[in-house]
Amino acid sequence: DAGVTQSPTHLIKTRGQQVTLRCSPKSGHDTVSWYQQALGQGPQFIFQYYEEEERQRGNFPDRFSGHQFPNYSSELNVNALLLGDSALYLCASSLFGQGGGSEQFFGPGTRLTVL
Amino acid sequence: DQQVKQNSPSLSVQEGRISILNCDYTNSMFDYFLWYKKYPAEGPTFLISISSIKDKNEDGRFTVFLNKSAKHLSLHIVPSQPGDSAVYFCAALNFGNEKLTFGTGTRLTIIP
């Protein structure tokens, strides 16, 4: 079992560009949540996808969007990048209705740097 | 608005002694609390949790205590081992709503 995988590991972009991050959930999981962890902060919830739909959303602007594919993998897209978008982006997978924290498994994250 | 707070950014403890990590929360709607451990270049890993109907949960060397009236929880690690050196995050949620709210983390260093 490969667990939750994310790609790429690191990414450098410039302001105004767009970026796509990818996540493959743990085998058997159907729900993907995305978190942003800025330097010195805890992870902040961006949104959650289940059945290819956004189910919940945190306090993030519309520049942040996502997608879930039929195989449960997911993408996070960020448009019009700002310097403040520099962070570690974490993906967590779970089985719908059982993601009460302990059942969410996190990937290693994608480190995004915006210059 | 920081709904989950960890006021100690770092903590150093001698190997074999007890490590106590603290967490406070402000949202009284939270009814489930968790501790995650994070090593560099890895995602957070679930450590232990507690429901708001309990005041203590124990798992091996790890014990979490919850004081609902004070909106405070703590993680006790005893005895502390070098492999416990990591960043520890406190998190909270409304059970059934899977959105985790994290604190800012405490970096624990175990001194051999």
Side-chain angles (χ1 to χ4, degrees), chain A residues 2-10 21 23-26 29-51 54-60 66 87-111, chain B residues 1-10 21 23-27 30-54 57 59 62 64 66 73 75 86-107:
Chain A
V4 180
T5 60
Q6 293 186 242
S7 63
T9 307
H10 296 89
L21 311 181
C23 171
S24 291
K26 180 179 167 66
H29 284 181
D30 56 11
T31 303
V32 172
S33 301
W34 287 92
Y35 292 81
Q36 180 197 65
Q37 186 183 2
L39 196 63
Q41 301 296 315
Q44 282 198 298
F45 178 80
I46 303 174
F47 43 53
Q48 182 186 74
Y49 275 83
Y50 169 67
E51 287 190 334
E54 183 181 295
R55 295 287 170 162
Q56 291 191 79
R57 190 178 183 91
N59 189 23
F60 279 81
L88 180 68
Y89 288 84
L90 295 161
C91 168
S93 76
S94 59
L95 197 57
F96 187 72
Q98 297 182 27
S102 62
E103 300 299 327
Q104 290 191 41
F105 290 79
F106 283 83
T110 293
R111 172 73 61 186
Chain B
D1 176 27
Q2 193 72 29
Q3 298 186 63
V4 178
K5 301 177 185 178
Q6 294 176 257
N7 292 319
S8 298
S10 63
L21 294 91
C23 177
D24 297 293
Y25 63 97
T26 57
N27 188 338
F30 290 142
D31 56 11
Y32 199 70
F33 304 90
L34 309 96
W35 285 93
Y36 279 81
K37 177 178 179 179
K38 187 178 186 300
Y39 292 119
E42 294 183 14
T45 304
F46 168 74
L47 197 56
I48 191 169
S49 63
I50 188 166
S51 163
S52 60
I53 63 173
K54 296 185 175 182
N57 188 26
D59 183 2
F62 303 92
V64 57
L66 175 62
L73 61 153
L75 173 68
V87 177
Y88 288 79
F89 290 101
C90 171
L93 52 76
N94 304 118
F95 196 79
N97 177 334
E98 298 169 11
K99 168 189 165 184
L100 286 164
T101 300
F102 284 87
T104 53
T106 296
R107 181 177 300 279

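Below, chain A is the first sequence line, B the second, and so on; all start at residue 1.
- Ranking G103(B), G43(B), A91(B), A41(B) against chain A, the residue ahead of the rest is G43(B), based on heavy-atom pairs under 4.5 Å.
- Annotation: the span from K99(B) atom NZ to Q44(A) atom CD amounts to 9.0 Å, rounded to 0.5 Å.
- Note: Q104(A) CD to L93(B) CG = 7.5 Å, rounded to the nearest 0.5 Å.
- Of all heavy-atom pairs between F106(A) and L100(B), the closest is CZ-CD1, 4.1 Å.
- For T9(A), no part lies near chain B; criterion is any non-hydrogen pair under 4.5 Å.
- Side-chain contact between E98(B) and S33(A): absent, with no pair of heavy atoms (C-beta onward) separated by less than 4.5 Å.
- Under the 3.5 Å distance criterion, the side-chain polar atoms of Y35(A) are left unmatched by any main-chain donor or acceptor of F102(B).
- With a threshold of 4.5 angstrom between heavy atoms, Q56(A) approaches chain B through side-chain atoms but not through N, CA, C or O.
- Expressed to the nearest 0.5 Å, how far CD of Q37(A) lies from OG1 of T104(B) amounts to 10.0 Å.
- Under a cut-off of 6.0 angstrom, the local environment of CZ in R57(A) is crowded, with over 12 non-hydrogen atoms contributed by other residues, nucleotides or ligands.
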